[in-house]
Each structure stands twice: as C-alpha cells, then as structure tokens.
Amino acid sequence: MFALFWTTVLFSLSGSNTYTVASALGRPSCSNGFCITLNKGPITAEAGFCVVLPCSFSTADEFTPKNIVWFKFESWKRKCRDSDIIFHTNPNKVQPEFLGRVLLLDPDVSQRNCSIMINDLITFDSGSYQLKVNGLQNGWTDGFMFTPKTTVFVKDLNQKPKVMIPPLTEGQQATLTCTAPGFCSGSSPKITWMWERKDEID
Ligand SMILES: *[C@@H]1O[C@H](CO)[C@@H](O)[C@H](O)[C@H]1NC(C)=O
C-alpha cells in the first residue's frame, strides 16, 4: 500500500519570545568623569541565539565621543589588546570569529548608547566584555577604557522548534507548521524536514 500525500509545508520564523535576557541595568560606575551602566550580573543565553549586552555611558564634559570599541576580556592577558576587538567601526580591526556577528544597536554614538547584540552565539563567546570610547579631548584624539565588564554565559542550545502536524488523510492536502524559536537578526535557521515511512525501521 502506497499512500501519496500532497504536502504543503509552511515555515514560520515569527518571534516567539524564547530567548532570555535578564536585562536589569545596574548602577552607573564612574571614574574621572566617565560613567558606564551595564547589566547587573551575568547575562545567560543559548548557543545559536543572540544576546543583547545593555550599555550606556557618559563622558567628562571636555570629551566628545566619536566611536566605540568592544573587547572580549581574557583575564590571563590582564589588559585588552587590539587582538581582542569584537566590535569596531573599522571591520578590519574586528577578530574574524566575531566579524559580522556584533551589532551596535544605536549607531549614533552621541546618544551614548553602547548596547550591542551578539548573534549566532557559540559557547566560546562566554566571558567578559569591556568597552572603550574613542573621541576628542579638548580637540585631541583620545580614548577611555572603562574598567567595569559585562559577563555573558552561553549555555548549550536547549530550545526546540514547534512542529504541528494535523491528522493526515489519504489524497488530501495538509499543512505542516514549524516555528523556529528566537528572533535574532543573525543568520536564518537551517531547516530540514524528514519523513519516515510507517513500515520502515530507518
Ligand atoms: C539603546 O538602544 C536600544 C536600541 O535602540 C534600546 O533598545 C535601548 O533601550 C537603548 N538604551 C538606552 C539606555 O537608551
């Protein structure tokens, strides 16, 4: 007996609010007139999804911010170097493994909003991140590295797609619905549909 089904598959990638960001802002932390506000405590996310690192800053009056740089802080190095850059307006300065994955949510630096989104997370992204703001101090090029860091913990992917299969009737069309979790702006999920015949083991 061989049954033939006309099958329409409907993909829906709509945003179910399934990624979690505990974005409770902490208090501003200030030094020499430069203040930064980061998330209070570590942020947890899942591999394959994205995470937002909320951030805002203010500078000393004589300092005009021009661009911001985000670093991944490796504690064994003590200080962030150019080889730790994960976000920069010049893509040539960004570490290849972060290139194209980090988005500055408000590109207008004069808004002093340094929040970034990291897409297509991998567990290796777990760690601490540090901000530097470059600009002009009394007309001279200068930069300020903020010491507070924001911490991200990337867990293994645990969320599952939602699949809905209605009762199937021979000779009739059916719509199978699949929704991938998350609403990240990174790459689209790769979708594979598989079918197993009832009378086959494999
Ligand atoms: C920063 O910008 C993002 C995106 O526009 C917004 O969601 C967030 O609330 C802003 N944060 C602050 C502190 O203004």
Side-chain angles (χ1 to χ4, degrees), residues 12-73 80 84-91 93-95 97-122 125-137 142-155 157 159 179-189:
S12 141
L13 301 174
S14 62
S16 43
N17 279 14
T18 41
Y19 89 142
T20 42
V21 173
S23 73
L25 279 179
R27 294 170 160 279
S29 165
C30 299
S31 156
N32 299 321
F34 287 76
C35 300
I36 187 166
T37 308
L38 296 168
N39 199 64
K40 187 179 177 182
I43 303 170
T44 306
E46 278 187 24
F49 289 92
C50 57
V51 69
V52 172
L53 311 189
C55 171
S56 65
F57 69 95
S58 60
T59 63
D61 290 343
E62 63 277 12
F63 188 96
T64 311
K66 292 289 179 198
N67 61 68
I68 68 162
V69 184
W70 275 97
F71 296 84
K72 185 165 188 223
F73 175 73
C80 292
D84 303 313
I85 293 176
I86 66 142
F87 177 82
H88 196 289
T89 38
N90 176 358
K93 300 211 169 186
V94 177
Q95 284 309 293
E97 64 267 32
F98 283 96
L99 196 61
R101 285 206 294 138
V102 186
L103 196 74
L104 182 61
L105 293 184
D106 189 343
D108 181 2
V109 177
S110 69
Q111 299 298 312
R112 293 163 169 75
N113 183 338
C114 38
S115 306
I116 48 168
M117 176 186 271
I118 308 176
N119 278 296
D120 297 332
L121 284 171
I122 50 174
D125 295 335
S126 294
S128 297
Y129 293 84
Q130 206 173 350
L131 178 77
K132 184 181 184 186
V133 56
N134 293 321
L136 296 173
Q137 173 111 331
D142 206 348
F144 184 88
M145 178 77 97
F146 292 92
T147 38
K149 296 162 193 72
T150 193
T151 304
V152 178
F153 182 63
V154 184
K155 300 184 294 182
L157 177 62
Q159 297 181 55
T179 311
F183 60 92
C184 301
S185 53
S187 52
S188 305

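Order of listing sets the numbers, starting from 1, for every ligand and every atom in it. By convention here, the first residue in the shown sequence is residue 1.
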Visitor: Are any of the protein's heavy atoms under 4.0 angstrom from atom 9 (O) of ligand 1, yes or no?
Guide: no
Visitor: Determine if the distance from atom 14 (O) of ligand 1 to the closest protein heavy atom is below 4.0 Å.
Guide: yes
Visitor: Would you mind checking which non-hydrogen protein atom is closest to atom 4 (C) of ligand 1, with the distance to 0.1 Å?
Guide: Leu105 CB, 3.7 Å
Visitor: ring-ring contact (aromatic ring centres under 6.0 Å, His included) with Phe57: which residues, sequence neighbours excluded?
Guide: none
Visitor: Would you find a donor on one side and an acceptor on the other, under 3.5 Å apart, between the side chain of Ser115 and the backbone of Cys55?
Guide: yes
Visitor: Could you work out, with ring-ring contact (aromatic ring centres under 6.0 Å, His included) as the rule, every residue matching Phe63, not counting sequence neighbours?
Guide: Phe34
Visitor: So which protein heavy atom does atom 2 (O) of ligand 1 come closest to, and at what separation?
Guide: Asn113 ND2, 2.3 Å
Visitor: Any donor and acceptor pair, going by atom type alone, linking the side chain of Trp70 with main-chain N or O of Leu104 inside 3.5 Å?
Guide: no
Visitor: May I ask you to check whether Ser56 has an N/O atom sitting below 3.5 Å from an N/O atom of ligand 1?
Guide: no
Visitor: To check you understand the geometry: which heavy-atom pair defines the closest contact between Ile36 and Pro148, and what is its length?
Guide: CG2-CG, 3.6 Å
